[in-house]
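Every chain is numbered from 1, with letters handed out A, B, ... down the list of sequences. Here the structure is a predicted model, which means the values were calculated and not measured. The figures here come from the full heavy-atom set of this structure, side chains too, leaving out hydrogens, waters and symmetry mates.
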Protein chains: 2
Amino acid sequence: MSETPAADPTPESPPQKVEERSRRAVLLGGVAAAGIGAASAVGLESFVSGREAQARDAARGEADTANGLRKVPFHGEHQAGVEMLPQAHQSLVSLALRPEADRDTIRRLLVTLTDDAARLTAGNYALADSEPELALVPARLTITFGFGRGLVDRVAPGAAPTWLTDLPPFGVDRLQDRWNGGDLVLQIAADDPLTVAHAQRMLLKDSRTATTVKWIQTGFLRAYGSERAGRTPRNLLGQVDGTKNVTPGTPDYTNVVWQGSTTNPDWLAGGTGFVVRRIEMLLDKWDRLDRSGRELSVGRRMDSGAPLTGKREDDEPDFSATTPLGFPVIAEFAHIRRARTDDPRQRIFRRAYNYDLTPEGDQVSNSGMIFTSFQHDVTAQFLPIQRRIDEVDLLNEWVVPIGSAVFAIPPGCAEGGFIGETLFAG
Amino acid sequence: MSETPAADPTPESPPQKVEERSRRAVLLGGVAAAGIGAASAVGLESFVSGREAQARDAARGEADTANGLRKVPFHGEHQAGVEMLPQAHQSLVSLALRPEADRDTIRRLLVTLTDDAARLTAGNYALADSEPELALVPARLTITFGFGRGLVDRVAPGAAPTWLTDLPPFGVDRLQDRWNGGDLVLQIAADDPLTVAHAQRMLLKDSRTATTVKWIQTGFLRAYGSERAGRTPRNLLGQVDGTKNVTPGTPDYTNVVWQGSTTNPDWLAGGTGFVVRRIEMLLDKWDRLDRSGRELSVGRRMDSGAPLTGKREDDEPDFSATTPLGFPVIAEFAHIRRARTDDPRQRIFRRAYNYDLTPEGDQVSNSGMIFTSFQHDVTAQFLPIQRRIDEVDLLNEWVVPIGSAVFAIPPGCAEGGFIGETLFAG
């Protein structure tokens, strides 16, 4: 291993920086003074401690800066940005094709954007990148393409899967057209917000002749370095949210997301379906609900995320449990009961982000969730869940869908190919 | 040191996670099999390597999650959030006092907000925090209070320093009232965006009876873990921006920021002045400028940030250097020349964040910078710099001030006190 001194740890404030340095000087002093050859003279124990301390400090220094250099491979059977733990920051960019953009224009657009995405996710600048230095910190950047019905129909009429259409209207919906639909969506995600901003700008510059922006939804989770990776995140309602998700890298995941249903067209093999729901949270109203009321509506404890019949987050809820008075412990209309089913087909992979905008008028909060889910058949997997929630779910009092869109995620491509090439092959 | 296995490193994708685990199993296998007592039998070198590897892995695991627990002390002579390296995320919340809010109301407001800030920055939930679990990741959270002229006049007429007023109009300004002024500003900053969102919501809930929101400006820098701490950040123009800043923890810093000028009132001792300028960057226009044009307008290289007469970022520019044809290497109107002076009084501590909003109309970008600076005398330190830039600065073609505000940052307080108490003492 390298004997180079560790990089400075992130100082919290100057006094602590000084303290940190002194502490390290003490830790490393013995080794520096004794030198490696003098190990036997200074005694095995202090020698080992010194080397350990040095290794630990070097590792800490690396870890403090290494996340910026992490890369997720772009090319492959599936697109990147789906089967992985979510990054801290995400921007969903929905584009509308200009009326004059024809099949050839769309092909050129996808070739160009694929090239940009392959370069940027590898930590290289895109062709014609006017701020190339901003491209050098990939921080797990992924760029994932999704096609709306409009794009598929323009490129290959009749090639759309049956589920690639607007979701049916739900009673809880208060959709605003400014958050609906789109012909092409770009999911741009990384652990660094500047990386996301730069990639978005680059992709928009290369899209401008063929498209206009329909909407952009930026969201966030806990930052890299804040919590253990893979921990179920909390949303702005304070809930532990997404406990029953399928796990990337498992056969389950393949079944839910990648295994094409028989109704999917050939060009989508290796791809999947993508639902976007913008869900406003009525936090000001939520504030008037006490903690037990919140737990009742969700069916889980606020602190641990455990079901009301269990102790740990991943305990299975016991829907038959009753209170001494004979009422169900988990209410009939609690979210946990409505969102869940025993039907193994009704499963999805959710990837949800928080948003928090400037309050308007008398609002204290203008916040919510950018819910997205991946599933190979939106009709068979997503719709039944959404229908049950729509019928009756206590949580509906505080969450309101205000935007909705469905996209087909085409398969990945090899080097030299482009995302969407299978749609053009027919 | 602890023998506990390290926490899982952040997996980038499931295959890499598996690979990482195998690699660690190999690294740790020797030690685990041999046991510590068998050190002499397996040879010093492999023993040391195993222990080092273990120490390194443990440190990496810690570093991956430790930033969330870092705290910046709230109480002290000065307010927190000023003399430190900036956090990755910041929200500036400008509040307008309701017409009926009198001196007593303002006092109660500040007592309450101080209590909230002291708790939240320590990683504790605030009183009446309805999502207490969101408060447990401070991630270097700081909450800094600034008073506008309106608040000072309402509490203690005549107590405002002379510079606590709107900046004079500049020719480059295109100010929009929705980004100007305010009676009370809260600078909420942390390395985690969810921490900032939760703190903001808590503070707004406790402000609603006395204030309304004038504006909120959220911004970002590189994430924790992306780059070496303390590195001069790049802005969305791609520039290395802020090279000549004063350094926290130095006597210089005290002179520029904390040392009260003779014109400052007593209640501001230990405080400073705060300027906020929202600066739109015309990135679509900037795109039409080639790299040498950009370097000419700034006077620095785009890659390294070095002055055009130097090689490294911190090289002093040579303003007298000329080209073979006799022209100055650094143009007369380059930003670096206009922003700089030899007058030691004209110095500030800048703390600038990027913003990136959804493009409007035909824009590709709706981006810019939330420039803020701390200096004890806005008139003597900040104004002359701004005047020179306003007169003529090549960069003015691409950057447009659209918001402006000035606040007084009162001193810090001890436990049991509240921010602003010195203003009420008179």
Side-chain angles (χ1 to χ4, degrees), chain A residues 1 7-8 10-14 17 48 51-52 55-56 59-60 63-65 67-68 70 72 83-85 88 130-131 133-134 137 139-140 191-194 197 201 204-205 208 213 216 220-229 234 236 238 248-249 283 287 302-303 354 356 358-359 364-365, chain B residues 1 7-8 10-14 48 51-52 55-56 58-60 63-65 67-68 70 72 83-85 88 130-131 133-134 137 139-140 191-194 197 201 204-205 208 213 216 220-229 234 236 238 248-249 283 287 302-303 354 356 358-359 364-365:
Chain A
M1 59 159 277
D8 284 348
T10 308
E12 303 184 32
S13 60
K17 186 172 182 177
V48 170
R51 289 285 293 256
E52 278 173 31
R56 190 173 60 229
R60 269 193 199 133
D64 273 359
T65 57
N67 198 52
R70 288 195 182 145
V72 179
E83 190 168 356
M84 65 184 292
L85 295 178
S130 47
E131 290 83 34
E133 290 85 2
L134 294 181
V137 177
R140 298 204 300 151
D191 284 330
D192 190 294
L194 187 53
R201 178 164 144 72
L204 283 178
K205 282 201 275 190
R208 70 205 303 181
V213 173
I216 297 181
F220 57 86
L221 293 171
R222 283 274 177 224
Y224 163 79
S226 279
E227 279 190 348
R228 179 172 54 78
R234 279 182 196 275
L236 288 164
L283 291 184
D287 273 346
M302 296 302 292
D303 55 1
N354 305 302
D356 190 40
T358 298
V364 170
S365 300
Chain B
M1 57 159 279
D8 285 348
T10 308
E12 304 184 31
S13 61
V48 170
R51 289 287 291 256
E52 277 172 34
R56 190 173 61 228
R60 269 193 198 132
D64 273 358
T65 56
N67 198 53
R70 288 194 182 146
V72 179
E83 189 167 357
M84 66 183 293
L85 295 178
S130 46
E131 290 82 34
E133 290 85 2
L134 295 181
V137 177
R140 296 205 301 153
D191 284 329
D192 189 294
L194 187 54
R201 178 165 144 72
L204 283 178
K205 281 200 277 190
R208 71 205 302 181
V213 172
I216 296 181
F220 58 85
L221 293 170
R222 283 274 179 226
Y224 162 79
S226 279
E227 279 190 346
R228 179 171 55 77
R234 282 182 194 274
L236 287 165
L283 291 184
D287 274 346
M302 295 301 293
D303 55 0
N354 304 303
D356 190 41
T358 298
V364 170
S365 300

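With a threshold of 4.5 angstrom between heavy atoms, A197(B) approaches chain A through its backbone and through its side chain. For N354(B), the part lying near chain A is the side chain, with the backbone staying farther off; criterion is any non-hydrogen pair under 4.5 Å. Only the backbone of L221(B) comes within less than 4.5 Å of a heavy atom of chain A; no side-chain atom from C-beta onward does. Contacts of D303(A) with chain B are made by both backbone and side-chain atoms, with heavy-atom separations under 4.5 Å. Both the backbone and the side chain of S130(B) come within less than 4.5 Å of a heavy atom in chain A. For R208(B), the part lying under 4.5 angstrom from a heavy atom of chain A is the side chain only.
Expressed to the nearest 0.5 Å, how far CG of L236(B) lies from CG of L134(A) amounts to 7.0 Å. The CZ atom of R140(B) sits 11.0 Å away from atom OG of S226(A), with the distance rounded to the nearest 0.5 Å.
Considering every non-hydrogen atom in both L283(B) and R201(A), the closest pair reads CB-NH1, 3.4 Å. Taking every heavy atom of both residues into account, Y224(B) and G225(A) meet most closely at CE2-CA, 4.0 Å.
Note on E131(B), E133(B), K205(B): by heavy-atom pairs under 4.5 Å with chain A, the leading option is E133(B).
Looking only at distances, no side-chain donor or acceptor of D192(A) sits under 3.5 Å from a matching main-chain atom of R222(B).
At a threshold of 4.5 Å between non-hydrogen side-chain atoms, the residues V364(B) and V213(A) do not count as touching.
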